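Single-structure report; data block below.
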Amino acid sequence: MVDNALSPHGGKIVERVVPTPAEKLRGLTQVPIRGPQARECLGIAYGFFSPLEGFLTAADVDSVVKNMTLASGYVWSIPLVFDLSEGQIKEMGIKEGGKLLLTYQDQPFATLDVEEIFSYDKELMAKNVYGTTDPKHPGVKRTQAYQDKFVGGKVTIVNPPVINPPFDGFWFPPKAQRELFAQRGWKKVVAHQTRNVPHAGHEWLMKGAWFAANADAILVNPVIGEKRPGDYIDEAILLSHDILRKAGYFREDIHTTSLLLWDMRYAGPREAVFHAIVRKNLGCTHHMFGRDHAGVGTYYDTYAAHRIFNELPDLGIYPVKTLEWWYCPVCAGIAYEEQCAHKQEAQRFSGSLIRSIIEDGVKPPRLIFRPEVFDLVMESAEKYGHGSPFVNEAYLKRPDPVMTIPAMQL
Amino acid sequence: MSEEVYPINIWINEERFEKVRVAGLAELTKDVLAGLKVIQVPASVAEKDALLSKFPKAKCDTATTKTIELLPREVKDQLLDLALEQRNVNVAGLFLEKLEAKK
């Protein structure tokens with residue numbers, strides 16, 4: 001029986017970053033990887049995904065899919081797999097017991113120990129992880145797009161990336177994040193998961209959770225990863241959260257922002273569990289969960305991500321479950337569903353609604369969207385977004401803005 | 001049981017406000033969200049589905065507001081022009097008919 005309450009998850013932060021000279025990497029079978037795989041390698045090797053040391057083997061995948069735990073018994077909700085086609089495996093002569101050199105941006109990046117090569121029922125994986133096999137669900141689509149074989153084994157970063165501005169100021173792997181919390185004397189930190197520029201609903205969600213947790217501080221931890229047209233650009237998300245503090249809506253001594261490299265699966269309740277574990281690894285003691293956390297479309301009940309924690313052992317991070325914040329014209333301000341009795345008059349708003357307002361060329365009122373945030377979003381549009389705060393084709397075509405893999409001659 | 005209706009929010013910027021004012025149809029606007037002006041064009045389920053399929057970046061916010069958001073700005077300008085012309089906000093069907101006729 002394992003203790004799921006241990007912090008970090010599994011009891012220690014995994015660190016598998018070993019800068020390695022080129023001569024030791026020569027001769028390894030090279031496998032080019034894409035952005036999502038590179039981000040997962042970093043998540044594993046820098047300990048965000050502790051206790052994982054690599055991509056899952058068959059026993060772990062099966063246990064995660066069927067029981068929401070690793071084979072060891074530690075709770076784990078999303079299978080992290082490294083897929084290759086049978087043809088690639090044959091062509092490159094990949095065999096169990098071997099070692100691969102994963103290249104990214106045409107440079108050596110990480111090694112993957114080939115502990116096991118296996119197949120898995122992708123339909124079952126999708127059904128259990130996402131609760132649906134509908135190919136319109138982005139997580140199901142991702143699962144169905146996996147090649148037919150998976151390689152499980154340990155990952156080691158051999159050529160650490162340079163994190164580029166403006167992302168570098170927000171790069172705090174678990175060890176560094178925990179050190180920062182310790183320096184500031186923060187013992188109780190409540191995490192805020194986001195993939196949005198903050199509007200007043202987010203601001204009050206954070207303020208409410210800070211009260212509810214009696215926390216020392218809030219960690220805003222935006223997810224930076226694959227984008228879709230119409231999303232806010234990453235730079236606007238990160239910098240706008242930071243401006244909330246710089247503009248004084250949060251005090252310097254109770255708020256910080258760092259990034260998480262992760263491609264959202266939109267797995268609703270299962271993704272909520274994943275978020276909780278990752279933020280525990282970062283040193284947080286509480287995690288806020290609002291309505292429809294990590295959901296998409298109508299696949300999940302609004303509060304499915306709240307209820308899932310009732311079915312799990314103590315994860316060592318306390319879920320702060322919040323309902324809706326809305327604008328109440330009677331109260332003349334932002335109000336909370338469980339406190340404000342003017343439900344009939346309530347005016348609800350969401351990230352999509354605010355995006356729609358901005359898209360229409362309208363500056364939202366300061367009660368709903370802080371002017372400093374609006375100005376920052378517009379600055380980011382000019383500086384990083386080809387004139388738009390929303391992802392467009394030009395933004396999607398740019399090379400990975402977050403990291404640069406240093407040149408290494410093999 | 002009445003059919004569900006999904007409003008399209010046309011947020012009123014200065015340019016749009018001027019059009020509405022000149023048309024003398026300020027009564028079509030509502031004040032929401034701490035003074036923000038909007039004209040809401042209702043869409044039936046079939047109209048919502050047609051709009052979302054023709055404009056893939058648009059989104060029906062099913063979780064929170066039950067409104068259709070993120071239609072391109074020019075589409076909303078056309079909807080507003082139609083509403084002012086008809087002196088009525090029920091113009092989603094007419095807009096789709098005109099769009100079809102342009103093909």
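Owing to the predicted nature of the structure, the values given are computational and were not obtained by experimental measurement. Labels below follow one simple rule: chain letters A, B, ... track the order of the sequence lines, proteins then strands, and each chain is numbered from 1.
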(request) Determine the option with the most heavy-atom pairs under 4.5 angstrom with chain B, choosing from Gly230(A), Gly361(A), Pro229(A). (result) Gly361(A)

(request) For Glu27(B), look at atom CD and say whether over 12 heavy atoms of other residues, nucleotides or ligands are found less than 6.0 Å away. (result) yes

(message) Return the CD1 to CH2 distance between Ile354(A) and Trp11(B), rounded to the nearest 0.5 Å.
(response) 7.5 Å

(request) Can you see which heavy atom on Lys76(B) is nearest to which on Ser356(A), and at what distance? (result) NZ-OG, 2.9 Å

(request) Using a cut-off of under 4.5 Å on heavy-atom pairs, state which of Lys37(B), Lys57(B), Arg16(B), Glu15(B) scores highest against chain A. (result) Arg16(B)

(message) With a sphere of 6.0 Å drawn around NZ of Lys54(B), does it hold more than 12 non-hydrogen atoms of other residues, nucleotides or ligands?
(response) yes

(request) Name the region of Asp31(B), side chain, backbone, both or neither, that has any atom closer than 4.5 Å to a heavy atom of chain A. (result) backbone

(request) Determine the option with the most heavy-atom pairs under 4.5 angstrom with chain B, choosing from Gln347(A), Arg355(A), Lys363(A). (result) Gln347(A)

(request) May I ask you to decide if Ile10(B)'s main-chain N or O and Asp360(A)'s side chain share a donor-acceptor pair within less than 3.5 Å? (result) no

(message) I need the residue from Leu70(B), Ile12(B), Leu33(B) with the largest number of non-hydrogen atom pairs under 4.5 Å to chain A.
(response) Leu33(B)

(request) Using a cut-off of under 4.5 Å on heavy-atom pairs, state which of Thr67(B), Val38(B), Thr65(B) scores highest against chain A. (result) Thr65(B)

(message) To check you understand the geometry: which heavy-atom pair defines the closest contact between Arg73(B) and Glu359(A), and what is its length?
(response) NE-O, 3.0 Å

(message) Taking NZ in Lys207(A) as the centre, count heavy atoms belonging to other residues, nucleotides or ligands within less than 6.0 Å. Is the count above 12?
(response) yes

(message) I'd like to verify something: which residue of Ile358(A), Leu367(A), Ile357(A) has the highest number of heavy-atom pairs under 4.5 Å with chain B?
(response) Ile357(A)

(request) Pick whichever of Ile334(A), Leu353(A), Val362(A), Thr302(A) has the most heavy-atom pairs under 4.5 Å with chain B. (result) Leu353(A)

(message) Give me the atom names and distance for the closest heavy-atom approach of Lys59(B) to Ser352(A).
(response) NZ-OG, 3.0 Å

(request) Starting from the C-alpha separation in whole Å, work towards a yes-or-no answer on side chain to side chain contact (heavy atoms under 4.5 Å, CB included) for Ile368(A) and Leu36(B). (result) CA-CA 10 Å; Ile368(A) 303 298; Leu36(B) 205 55; over 6 Å; no

(request) Check the pair Asp61(B) / Ser350(A) against side-chain hydrogen bond (donor to acceptor under 3.5 Å, both in side chains), numbers first and verdict last. (result) CA-CA 8 Å; Asp61(B) 186 345; Ser350(A) 64; 2.3 Å; yes

